[in-house]
Amino acid sequence: MSDTTQTYSMDELVSLCKRRGFIFPASEIYGGINGFWDYGPLGTALKNNLRDRWWQDMVKRPPIGPDGNEISIVGLDSSIIQNSKVWEASGHVGGFNDPMVDCRETKSRYRADHVCCIGLKGDATGQIYAFIEGDDDSLESAKKKLSKYIKRDISDDDLDTCALTSLSTDELAITVGPDTKSVGTLTEPRQFNLMFETSTGAVKSDDSKVYLRPETAQGIFLNFGNVVDTMRVKVPFGIAQIGKAFRNEVTPRNFIFRSREFEQMEIEWFCHADEAEHWFEFWCETRSKWWQSIGLTTDNILMRKHDSDELAHYAKEGCGTFDIEYRFPFTSPNFGELEGVAHRGNYDLTRHQEFSKKKLGYFDQAKNERYIPHVIEPSAGLSRGTLALLCEAYTPDPERASKMYMAFHPSIAPIQAAVFPLVGKDGMPEIAHKLWSELRERWDVVTDVKQSIGKRYARMDEAGCPFCFTIDGDTASDQAVTVRHRDTQQQERIALDQVSAFMAERI
RNA sequence: GCGGGCGUAGCUCAAUGGCAGAGCGUCAGCUUUCCAAGCUGAAUGUUGGGGGUUCGAGUCCCCCCGCCCGCUCCA
């Protein structure tokens with residue numbers, strides 16, 4: 001699908017996923033659970049293929065670096081649950097566990113219990129001015145704005161002061177935020193417990209509280225020292241990890257695009273600060289090409305630099321953040337994030353060094369220099385990647401029996417080939433079984449004897465199987481089979497002993 | 001979190017407050033020599049869940065859950 005206009009709805013894709021065993025709603029027999037999904041046999045195969053391809057291309061045989069030499073990346077699989085101090089150091093706890101108020105205009109976020117308000121005594125219809133508690137400048141600013149609004153000087157006796165959290169919805173609508181001049185820009189105070197909590201040990205208490213990781217990245221930073229000490233790696237190098245992460249999203253939406261449990265494929269690339277910029281460019285380009293190599297077309301992929309006001313807390317400085325975005329049916333004609341390439345500076349290692357009191361620097365023997373490496377982080381969504389592959393593959397075709405087919409790239413298709421006897425007699429099933437046994441040693445191959453050949457082809461169209469090999473009445477004598485191509489529906493005749501070579505050439 | 005819409009078999013949908021059905025798919029048998037063919041048969045339902053009104057609820061009312069859309073959110 002390289003058209004800018006989508007020719008199918010998300011409902012059709014969700015329905016196909018359910019009907020053909022790609023993705024099911026989690027806990028479906030109990031009415032489901034918002035934000036969670038189960039991968040069926042074909043979905044699991046597709047996701048695993050994507051995952052394995054990433055690991056193969058990034059870790060086992062990583063890309064060639066800008067200087068023409070192989071870069072160095074090692075793998076890691078860290079625990080989902082870590083010491084809670086990890087998330088204090090990373091900034092995930094603290095700013096996000098208290099009720100927060102956002103300003104829609106300035107995008108500032110305030111702790112709701114740290115914001116107070118002033119208003120004119122006895123005036124319920126005028127404007128209310130918020131300021132930050134204990135911040136004299138903020139209070140003065142609020143007083144000035146009030147004074148200007150009522151067009152006269154005010155004394156403290158004229159003022160009513162109250163906590164922001166005590167305001168009603170109506171009052172909030174006439175409130176001016178601490179850093180803005182417009183009214184009604186503040187959101188209602190909200191609890192941002194975006195990390196899932198659980199506890200360790202038999203007795204539940206505040207001391208036993210732990211969190212499910214909201215990103216896989218921190219596990220890599222925690223083990224930076226261990227990897228440097230044990231693996232004889234030299235900066236620049238990368239540590240890669242694939243695994244689940246959990247975010248208690250306010251609004252899970254758009255199928256598996258924003259779910260509460262999802263999988264990430266992340267690389268933390270450690271380099272010298274002076275080289276961060278050129279590594280950043282290297283990774284933006286490398287990762288963009290990679291997505292295209294697995295079948296996402298150029299038209300539907302977009303590289304987009306974040307505006308400065310949408311940068312994450314760890315990426316305020318440096319090269320910024322690039323999104324690799326995909327045009328999903330539910331975002332079209334706009335794009336949704338597939339992968340973020342972020343320059344995290346040395347924020348994380350510095351914070352962990354500070355909180356843990358353990359040295360997390362790197363000593364460069366050649367330059368005789370000690371420093372905390374900067375980090376370029378290509379962080380890809382495995383779940384979102386799987387969704388992008390599904391969206392990209394879904395191709396309506398009113399002409400054929402299935403009305404559509406899934407045009408997966410042969411290398412990542414959950415079923416890579418099917419072997420069919422044209423009919424279930426005259427020795428054809430036996431030949432089919434033999435060919436299937438041979439092919440399944442190397443590829444994901446199915447065989448099916450039952451029902452008409454057209455019905456079996458149609459099923460393979462829905463599953464996205466690129467090649468069907470059909471044994472007919474002539475095969476026994478001429479030692480040849482018919483190959484049926486999924487995308488074109490065209491057929492060609494090839495020698496039985498050339499089927500493996502045919503597959504090897506195309507996958 | 002707010003507002004709107006929706007929820008009946010695997011899918012698409014019927015059923016005036018009165019026996020829960022059809023088509024497709026799935027499975028079995030026969031048939032079938034290249035694109036969901038045909039014949040015969042079978043399985044599949046707590047009508048999303050719970051409560052209420054009623055002689056009687058898929059249908060009316062209430063609560064909850066889930067999905068979709070628009071806001072909000074997305075560090």
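Convention: sequence-line order gives letters A, B, ...; per-chain numbering from 1. The shown structure was predicted, so the numbers you read here are calculated from the model rather than taken from an experiment.
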Sugar-phosphate only, base, or nothing, as touched by A/S402 at under 4.0 Å among non-hydrogen atoms: base
Sequence neighbours excluded - side-chain hydrogen bond (donor to acceptor under 3.5 Å, both in side chains) pairs with any residue from residues 422-438 of chain A: A/E438-A/S500
Sugar-phosphate only, base, or nothing, as touched by A/E462 at under 4.0 Å among non-hydrogen atoms: base
A/T482 side chain near B/C34 phosphate (N/O to OP1/OP2, under 4.0 Å): no
Partner of A/E462 by salt bridge (Lys or Arg N to Asp or Glu O under 4.0 Å), out of A/R456, A/K455, A/K403, A/R19: A/R19
Euclidean distance, atom CD1 of residue A/I453 to atom P of B/U33 [Å, nearest integer]: 12 Å
Parallel, tilted or perpendicular, as decided by the 30° and 60° cut-offs, for the rings of A/F502 and A/F467: perpendicular
Residues within residues 422-431 of chain A bordering RNA chain B, heavy-atom distance below 4.0 Å: A/L422, A/V423, A/G424, A/K425, A/D426, A/M428
B/C68 phosphate, OP1 or OP2, under 4.0 Å from A/N254 side-chain N/O: no
A/S379 and A/E266: side chain donor to acceptor below 3.5 Å: yes
Phosphate OP1/OP2 of B/C11: any A/K18 side-chain N/O under 4.0 Å: yes
Donor on one side chain, acceptor on other, A/N300 and A/E392, under 3.5 Å: yes
Contacts of A/K18 that satisfy salt bridge (charged side-chain N to carboxylate O under 4.0 Å, His left out) - sequence neighbours left out: A/E28
For A/Y394, the option from A/Y405, A/Y8, A/F22 that meets ring-ring contact (aromatic ring centres under 6.0 Å, His included): A/Y8
With A/D461, the side chain to side chain donor-acceptor pair (under 3.5 Å) member among A/R486, A/R400, A/Q489: A/R400
Mutual orientation of the aromatic rings belonging to A/F270 and A/F224 [parallel < 30°, tilted 30-60°, perpendicular > 60°]: tilted
Could you run down the sub-3.5 Å N/O contacts of the protein with nucleotides 47-51 of chain B?
none

Nucleotide-resolved protein contact map, nucleotides 3-8 of chain B, B/S/- at heavy-atom distance under 4.0 Å: ------
Lys NZ or Arg CZ of A/R287 over A/W290 ring: under 6.0 Å, within 45°: yes
Sugar-phosphate only, base, or nothing, as touched by A/P25 at under 4.0 Å among non-hydrogen atoms: nothing
Whole angstrom value for the distance that separates C1' of B/U33 from CD of A/Q491: 12 Å
Parallel, tilted or perpendicular: rings of A/H374 and A/H343 (30°, 60°): tilted
Polar contact flag, side-chain donor to acceptor under 3.5 angstrom, A/Q218-A/H352: yes
A/N34 vs B/C67: side-chain N/O to OP1/OP2 distance below 4.0 Å: yes
Rounded interatomic separation in angstrom, taking NE2 from A/H485 and C1' from B/C34: 14 Å
Integer-rounded Å distance: B/A75 C1' and A/Q218 CD: 12 Å
For atom CG of A/D478 and atom C1' of B/U33, their distance in whole Å: 13 Å
Pick out the pairs of N or O atoms, protein on one side and nucleotides 25-27 of chain B on the other, that lie under 3.5 Å.
from: B/U26; atom 1: OP1; to: A/R459; atom 2: NE; distance (Å): 2.7
from: B/U26; atom 1: OP1; to: A/R459; atom 2: NH2; distance (Å): 2.7

Touch class at under 4.0 angstrom, heavy-atom based, for A/G21 against every strand present: nothing
Nearest listed nucleotide, side chain of A/A458, among B/C35, B/A36, B/G66: B/A36
Integer-rounded Å distance: B/C34 P and A/R493 CZ: 12 Å
Residue A/Q82 excluded, over 12 heavy atoms near CD under 6.0 Å: yes
Sugar-phosphate only, base, or nothing, as touched by A/F255 at under 4.0 Å among non-hydrogen atoms: sugar-phosphate
Nearest-neighbour nucleotide for the A/R258 side chain, B/C74, B/U33, B/U12 considered: B/C74
A/R384 vs A/F262 side-chain heavy atoms within contact, under 4.5 Å: no
Parallel, tilted or perpendicular, as decided by the 30° and 60° cut-offs, for the rings of A/F257 and A/F328: perpendicular
Atom pair distance, as rounded to whole Å: CD1 in A/I33 and P in B/C64: 18 Å
Spacing of A/I29 atom CD1 relative to B/G10 atom C1', expressed in whole Å: 15 Å
